[in-house]
**Student:** 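First, the structure itself, so that you have it in front of you.
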Amino acid sequence: MRNTEIAAALSELGTLYELDGAVRYRVNAYREAARVIRDSPVSVEELAREGRATELPGVGKTLEEKILALVDTGSIPAADKLKERFPVSLVEVTQVPGIGARTARRLHEELGISGLEQLKEAAESGRLRGVRGMGQRAEENVLAAVDRLEREGVAERQLLSQVLPVAEEVADRLREHPAVADVMLAGSARRMAETCKDVDLIAATTDPEAVGAALAADPLAATAGAGGDAGARMMTHNGITVELRIAKPEEFGNLVQHFTGSAEHNVKLRERAVGRGLSVSEHGIKDTDSGEVTLCAAEEEVYERLELAYIEPELREGGAEIKAAANGKLPKLVTREDIRGDLHCHTTLSDGHNTLEEMAEAARERGYSYLAITDHSATHGFGNDVQPDALLARVEEVRALDRKINGMKLLAGTETNILPDGSPDYEDDVLGELDWVIASVHTSFRISEKAMTDRVVAAIEHPLVDCIGHLTGRMILRRRPYDIDVERVAEAAAANGTMLEINGNPNRRDMSEQNARLAADAGATIVINTDAHRVGTMENIRYGVATARRAWLTADQIANTRGWRTFARLRKRARA
DNA sequence: GCCGTTTTCGGCCCGACTGTTTTCAGTCG
């Protein structure tokens, strides 16, 4: 059973307990455990069977038993029992914004509502108003929310790459405003999460009205709400909500810290603060005894006041980062400036939009020391396969250009398909002519986990395969990863000296941060690539680096932070 | 239900907003 399924079942059980009136700490425990399980890179089913699920933070003996029951029998007895009293569809009702478990339960008891359809009927017929705490506004809210849920499902998220450029453009413009002292991006976009719900910006100013007006007048704004002293809001023409919070310059750091989150990070931060007699909020850090409030103009001061090392935004997910910051054990994260070369890109020879020369020149302009040209291979299909003779001709072209181009090494490579039996789709004598070989799965996704793992491990063991591309084939928000045992793959990669790629395409970010962490822990060598199909998308290196940073990786753990000579020696073909 | 540089029991983050209400519970981020 997948981690996401286990997480969903525990989260549902948490809500059922909440409907039943359980203390909120118990409910929170289920939700927190669900989150940890969802993000776990290793199979929680296997962990539970080995009696090791309690190694996950937030999972104790009780939850381990429930997980075991779930994976063995397909359901949890406690949940089955609760479902006799509360219909599962009542859980959906709690997804309506503004309706929590307590309200849902009252609606169930007083109006017999057990699902969205009945909730809608009750709102339409005016029966909703008979319930204490529900009036006309609640009725309107419910009708709009149910309508939206039926149309779009649960809250929509967008890819970071759709949101981040908008956020940066608006922030840059606001920063130019004379009344603005500073603007910072906050929220999940600042943490470089895979997806975002909206854009959070914090502006330091003494003139909220003017800044709110500037946001409303931004060229990207399609609609804008009325701004106030605390903030303003607008929506762009492509449906991205921008939330602007206004801070006085002396409290700018407090607001930036607070709204960067994550919520879980802030909870853990405050729990730690309480133990030291401090109370943290967006309005400052209060000494509980004296009542004295410390304001922080800069975010760094918040962490300093709590006797913590500064925590990079990418790490603020409520995991082990606070403990690490307290013990001086935070890693020095890899940066974009550390990256010395890109080992995965395409040209017009296959499905790229720019020529070999254009891609090489773009890499040189970026200051890279090396670039690998890795067009698709003989069986890629879609009309952009590269037959062996074409590839060998391309090798000569790359070598010729490499001799001409100054200050950079061009590698003749390929992104070869891993066929269902695990072999690359060029013969060894062709692969042997190349400087660099990435092997990726592009076909036959729907095979068993064992078959897929065997297939990729076979490629890892091939002496002429240097690196595995986009390990799980996922497309964020569009296609889930294929079934593969990443632990076994990582061990094989470490044992064979085959590198594993973090693909920086923002649709992929594959390996994921969880898998990248697991691979690094297993001792595998990691490279960060863009898979660029045009000059412009070489900039996607930022998303690859972001994933590496969210995986807690240092420059040492990334092969393409090395200069060419060192990197060349790390290649498997150089070691053979 | 989890967890421990105070703890194996007794704690477990903070404030704003909303809608409905004369003082606040529920919800949200």
Side-chain angles (χ1 to χ4, degrees), chain A residues 10-11 13-37 53-67 76 78 93-107 128-142 145 155 186-188 191 196-200 202 225 228-231 233 241 243 245-246 251 254-255 257-286 288 293 302 306-307 316 318 322-323 326-327:
Chain A
L10 292 180
S11 174
L13 178 53
T15 302
L16 286 167
Y17 275 132
E18 194 177 20
L19 287 166
D20 194 36
V23 293
R24 70 191 157 100
Y25 302 108
R26 191 188 196 189
V27 177
N28 286 347
Y30 277 88
R31 302 229 164 105
E32 173 70 6
R35 188 180 72 85
V36 167
I37 288 165
T54 54
E55 289 173 16
L56 295 166
V59 176
K61 210 68 214 141
T62 308
L63 272 161
E64 179 165 87
E65 278 171 25
K66 294 200 155 89
I67 293 167
I76 304 170
V93 173
T94 67
Q95 285 168 358
V96 175
I99 296 186
R102 286 169 192 277
T103 307
R105 180 174 172 170
R106 265 214 318 277
L107 293 173
L128 216 51
R129 299 193 198 191
V131 178
R132 184 170 59 84
M134 303 292 256
Q136 186 191 340
R137 295 298 296 275
E139 188 177 287
E140 290 167 8
N141 176 35
V142 160
S188 52
R191 301 197 311 276
C196 303
K197 192 168 65 64
D198 56 15
V199 171
D200 289 292
I202 318 291
D229 281 355
R233 171 190 297 187
T241 303
E243 292 265 4
R245 263 97 182 182
I246 304 289
E251 59 173 15
N254 298 106
L255 264 88
Q257 194 287 319
H258 176 84
F259 285 106
T260 297
S262 64
E264 292 81 5
H265 173 81
N266 285 349
V267 166
K268 293 202 168 152
L269 197 72
R270 289 169 187 159
E271 279 172 0
R272 175 185 161 87
V274 167
R276 311 169 95 77
L278 299 170
S279 172
V280 178
S281 80
E282 62 266 49
H283 306 299
I285 303 173
K286 185 158 94 181
T288 319
V293 175
V302 176
L306 300 174
E307 295 174 59
R316 300 184 199 169
I322 289 173
K323 205 177 263 179
N327 302 330

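Nothing here was measured: the structure is a model prediction, and the numbers come from that model. By convention in this document, chain letters (A, B, ...) are assigned in the order of the sequence lines, proteins followed by strands, and residues within each chain are numbered from 1.
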**Student:** Under 4.0 Å between a Lys/Arg side-chain N and an Asp/Glu carboxylate O for A:Lys268 and A:Glu271?
**Tutor:**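 Not counted as a salt bridge, because no side-chain N and carboxylate O are separated by less than 4.0 Å.
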**Student:** Just checking A:Val267: base, sugar-phosphate only, or nothing, at a heavy-atom cut-off of under 4.0 Å?
**Tutor:** base
**Student:** Determine the Euclidean distance between corresponding P atoms of B:dC12 and B:dT6; express it in Å to zero decimal places.
**Tutor:** 15 Å
**Student:** Does CZ belonging to A:Arg129 count more than 12 external heavy atoms closer than 6.0 Å?
**Tutor:**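 Yes.
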**Student:** May I ask you to say what A:Val27 touches in the nucleic acid, namely base, sugar-phosphate or nothing, with a heavy-atom cut-off under 4.0 Å?
**Tutor:**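 A:Val27: no heavy atom of the nucleic acid under 4.0 Å.
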**Student:** A:Ile99 versus A:Asn141: any side-chain heavy-atom pair under 4.5 Å?
**Tutor:**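 With C-beta onward as the side chain, the pair stays apart.
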**Student:** Using atom CG of A:Asp20 as one end and atom C1' of B:dG1 as the other, report the distance to the nearest whole Å.
**Tutor:**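 Result: 15 Å.
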**Student:** When the P atoms of B:dG26 and B:dT20 are compared, how many Å lie between them, rounded to an integer?
**Tutor:** 15 Å
**Student:** When we call it a touch if two heavy atoms are under 4.0 Å apart, what does A:Lys66 touch: a base, just sugar-phosphate, or nothing?
**Tutor:**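 It contacts sugar-phosphate atoms only.
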**Student:** At under 4.0 Å, does any side-chain N or O of A:Tyr25 touch on OP1 or OP2 of B:dG1?
**Tutor:**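 So the side-chain polar atoms of A:Tyr25 never come under 4.0 Å of the phosphate oxygens OP1 or OP2 of B:dG1.
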**Student:** Using the C1' atom in both, what is the distance from B:dT8 to B:dC2, to the nearest Å?
**Tutor:** 12 Å
**Student:** Just the rounded figure in Å: distance from C1' of B:dC2 to CZ of A:Arg31.
**Tutor:** 16 Å
**Student:** A side-chain contact here means heavy atoms from C-beta on lying under 4.5 Å apart; do A:Leu107 and A:Leu128 qualify?
**Tutor:** yes
**Student:** Atom CZ of A:Arg233 to atom P of B:dC17: distance rounded to whole Å?
**Tutor:** 11 Å
**Student:** Could you check how far CZ of A:Arg24 sits from P of B:dG11, rounded to whole Å?
**Tutor:** 14 Å
**Student:** Taking CD from A:Glu140 and P from B:dT20, how many angstroms apart are they, rounded to a whole number?
**Tutor:** 9 Å
**Student:** Using a 4.0 Å heavy-atom cut-off to protein, can you give one letter per nucleotide of nucleotides 23-29 of chain B, 5' to 3': B if the base is in contact, S if only the sugar-phosphate is, - if neither?
**Tutor:** ---SSS-
**Student:** Looking only at side-chain atoms of A:His283, point me to the closest of B:dG1, B:dA16, B:dG19.
**Tutor:** B:dA16
**Student:** For the atom pair CD (A:Glu32) and CD1 (A:Ile37), what is the distance rounded to the nearest 0.5 Å?
**Tutor:**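 CD1 of A:Ile37 is found 10.5 Å from CD of A:Glu32.
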**Student:** Just how far, in rounded Å, is P of B:dA16 from CG of A:Leu255?
**Tutor:** 11 Å
**Student:** When rounded to the nearest Å, what value does the distance between C1' atoms of B:dC28 and B:dC13 take?
**Tutor:** 14 Å
**Student:** When the nearest nucleotide of DNA chain B is assigned to A:Asn266 and to A:Gly275 on a heavy-atom basis, which residue is associated with the more 5' position?
**Tutor:**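 Looking at DNA chain B, the more 5' nearest nucleotide goes with A:Gly275.
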**Student:** If I compare all heavy atoms of A:Arg105 with all of A:Leu19, which pair ends up nearest, and what's the gap?
**Tutor:**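 A:Arg105 and A:Leu19 have their closest heavy atoms at CD-O, 2.9 Å.
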**Student:** Does atom CZ of A:Arg102 have more than 12 heavy-atom neighbours, drawn from other residues, nucleotides or ligands, at distances under 6.0 Å?
**Tutor:** no
**Student:** How about A:Arg316 and A:Ile322: do any of their side-chain heavy atoms sit closer than 4.5 Å?
**Tutor:** no
**Student:** What's the gap between B:dT18 and B:dT23 when it is taken at their C1' atoms, as a whole Å value?
**Tutor:**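 Comparing C1' positions in B:dT18 and B:dT23 gives a spacing of 15 Å.
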**Student:** Taking CD from A:Gln257 and C1' from B:dG15, how many angstroms apart are they, rounded to a whole number?
**Tutor:**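 My rounded result for the distance is 14 Å.
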**Student:** What is the distance from CZ of A:Arg137 to P of B:dC17, rounded to the nearest Å?
**Tutor:** 15 Å
**Student:** Report, as yes or no, whether the 6.0 Å neighbourhood of atom CZ on A:Arg233 holds more than 12 heavy atoms from other residues, nucleotides or ligands.
**Tutor:** no
**Student:** On a whole-Å scale, what distance lies between the P atoms belonging to B:dG10 and B:dA16?
**Tutor:**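 Approximately 33 Å lies between the P atom of B:dG10 and that of B:dA16.
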**Student:** When you get a sec, tell me which of B:dT20, B:dC13, B:dG1 is the closest nucleotide to the side chain of A:Val274?
**Tutor:**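 Side chain of A:Val274 sits closest to B:dC13.
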**Student:** Do the side-chain N or O atoms of A:Thr62 get closer than 4.0 angstrom to the phosphate oxygens (OP1, OP2) of B:dC2?
**Tutor:** yes
**Student:** Does B:dG10 pair with anything, Watson-Crick or G-U wobble, both distances under 3.5 Å, and if so, with which nucleotide?
**Tutor:** B:dC3
**Student:** Say you pick atom C1' in B:dG1 and the same atom in B:dT5; how far apart are they, in whole Å?
**Tutor:** 24 Å
**Student:** Need one value for A:Glu32: base, sugar-phosphate or nothing, where a base atom within 4.0 Å counts as base even if backbone is also close, heavy atoms only.
**Tutor:**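 If one applies the 4.0 Å heavy-atom cut-off, A:Glu32 turns out to touch nothing in the nucleic acid.
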